[in-house]
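Scroll down for the structure; my scribbles are underneath it.
Below, read A as the first sequence line, B as the second, and so on, with proteins coming before strands; counting in each chain starts at 1. Predicted model, so just to flag it, every value in this text is computed and none were measured.
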Protein chains: 2
Amino acid sequence: MERRNTIQRELVLQAVRTLKRHVTAEEIFEFLHQQHPYIGKGTVYRNLNILASEGEIRKVEISDGPDRFDFTLKEHYHVECICCHDVSDVDLEALPDLIPRIHDHHGMKFMGYDILFKGLCESCQREAELREAVADD
Amino acid sequence: MERRNTIQRELVLQAVRTLKRHVTAEEIFEFLHQQHPYIGKGTVYRNLNILASEGEIRKVEISDGPDRFDFTLKEHYHVECICCHDVSDVDLEALPDLIPRIHDHHGMKFMGYDILFKGLCESCQREAELREAVADD
DNA sequence: TCTCTGTTAGGAACAATTCCTATTAAGGAG
DNA sequence: CTCCTTAATAGGAATTGTTCCTAACAGAGA
């Protein structure tokens, strides 16, 4: 009796696959709540994390906002817009492994690292230009 | 009338400098609250962020926990213990700049990136070994 | 089918942070 | 120096994001 198949878990998985990428737990909850008013937030959070730990979906931790979930399993990096906080994928040449570059371990056993890029998306750039133009007159 | 000097701001700055590195806003609050029971949490959060944006202290954003604040301004990276969530400094050879390695911008203007290393600290390693030894008998 | 076991659901509780409004520091006028 | 005006600030209320707790229930075996 290891893992039970519940309607809720299946619903959460389908929602991640249906919605666009990089959704928050809150967005999944809102989406499911429309069709299934009795589903709880705790259920959504728990199942998202279980699915992520089983490797069925990918969890993207954002330092200054809620975690995002993504149905793609392929390894890739993310950029967060510093203005609207939208997250998108980054295409990057293979990185050199950073772990061997670490000196002075202080006994710490290094396991990996997260990289999150920061930037300004196209529409926020346009808005910023618009605001500058208004400020100029 | 741009920036006001308040007792609270000075207290927050002194607290960051007095306490050991990588303290959370909560820890600063607790520390100050002992001497100054009427200081509010909002005040601590706001002043930490103001001081960080002015460059007087450094803010370290942690994806799976509260932000940390550090009095050192020197550029360096951090490791978080995946077990006890303690944060410490990493000594690393200079990294190649990652921004030129990005392909396919999709109109995004890249500004920088955060790297957070993950690992297991010495005392958590010892505890893990101890638990294994107990499980073996 | 019935019982037993341990996973799960849902909402309550908690933690981290932001927001709102009365207060107050700073600057200028008298 | 004192009063007045203005906008930054303080403190706590409110909000947001996530975890925890207990009753409910899925699945396995008798």
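No side-chain donor-acceptor contact under 3.5 Å links A/Glu30 and A/Gln34.
Look at NE2 on B/His85: it is 13 Å from C1' on D/dT18, rounded to the nearest Å. The nearest whole Å value for the distance from the CG atom in B/Asp67 to the P atom in C/dT18 is 8 Å. Across the protein-nucleic acid pair, B/Phe69 atom CZ and C/dA16 atom P stand 13 Å apart, rounded to whole Å. Atom P of nucleotide D/dA24 and atom OH of A/Tyr38 are separated by 16 Å, given to the nearest angstrom. Distance, B/Leu32 CG to D/dG12 C1': 16 Å, rounded to whole Å. Taking atom CZ on A/Arg9 and atom C1' on C/dT7, their separation rounds to 8 Å, with Å as the unit. Distance B/Asn49 CG to C/dT18 C1': 10 Å, rounded to the nearest Å. Atom CZ of A/Arg68 and atom C1' of D/dG17 are 12 Å apart (whole Å).
In this structure, B/Arg4 does not reach the D/dA7 phosphate: none of its side-chain N or O atoms is under 4.0 Å from OP1 or OP2. For A/Tyr45, no side-chain nitrogen or oxygen approaches OP1 or OP2 of D/dT19 to under 4.0 Å. One finds a side-chain N or O of B/Asn47 lying less than 4.0 angstrom from the OP1 or OP2 phosphate oxygen of D/dA10. Residue B/Thr6 has a polar side-chain atom (N or O) positioned under 4.0 Å from OP1 or OP2 of D/dA10. Residue A/Gln8 has no polar side-chain atom (N or O) positioned under 4.0 Å from OP1 or OP2 of C/dT8.
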>> Test side-chain contact (heavy atoms from CB on, under 4.5 Å) on B/Ile28 and B/Phe69; report intermediate values, then the result.
In response: CA-CA 9 Å; B/Ile28 298 281; B/Phe69 295 87; 5.8 Å; no
> Which is it for B/Leu51 and B/Val12 under the side-chain contact (heavy atoms from CB on, under 4.5 Å) test, yes or no, and what are the steps along the way?
Replying inline: CA-CA 9 Å; B/Leu51 289 167; B/Val12 169; 4.0 Å; yes
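For A/Ile39, whose side chain is taken as the heavy atoms from C-beta onward, the closest listed nucleotide among C/dA16, C/dG10, D/dT9 is C/dG10.
Both B/Thr43 and A/Arg46 lie close to DNA chain C; mapped to their nearest nucleotides by heavy-atom distance, the more 5′-ward contact belongs to A/Arg46. Two residues, B/Glu26 and A/Gly40, neighbour DNA chain C, and the one matched to the more 5' nucleotide by heavy-atom proximity is A/Gly40.
The pair B/Lys74-B/Asp89 fails the salt-bridge criterion, with no side-chain N (NZ, NE, NH1 or NH2) lying under 4.0 Å from an Asp/Glu carboxylate O. A salt bridge does not link A/Arg68 to A/Glu61: none of the charged nitrogens lies less than 4.0 Å from a carboxylate oxygen.
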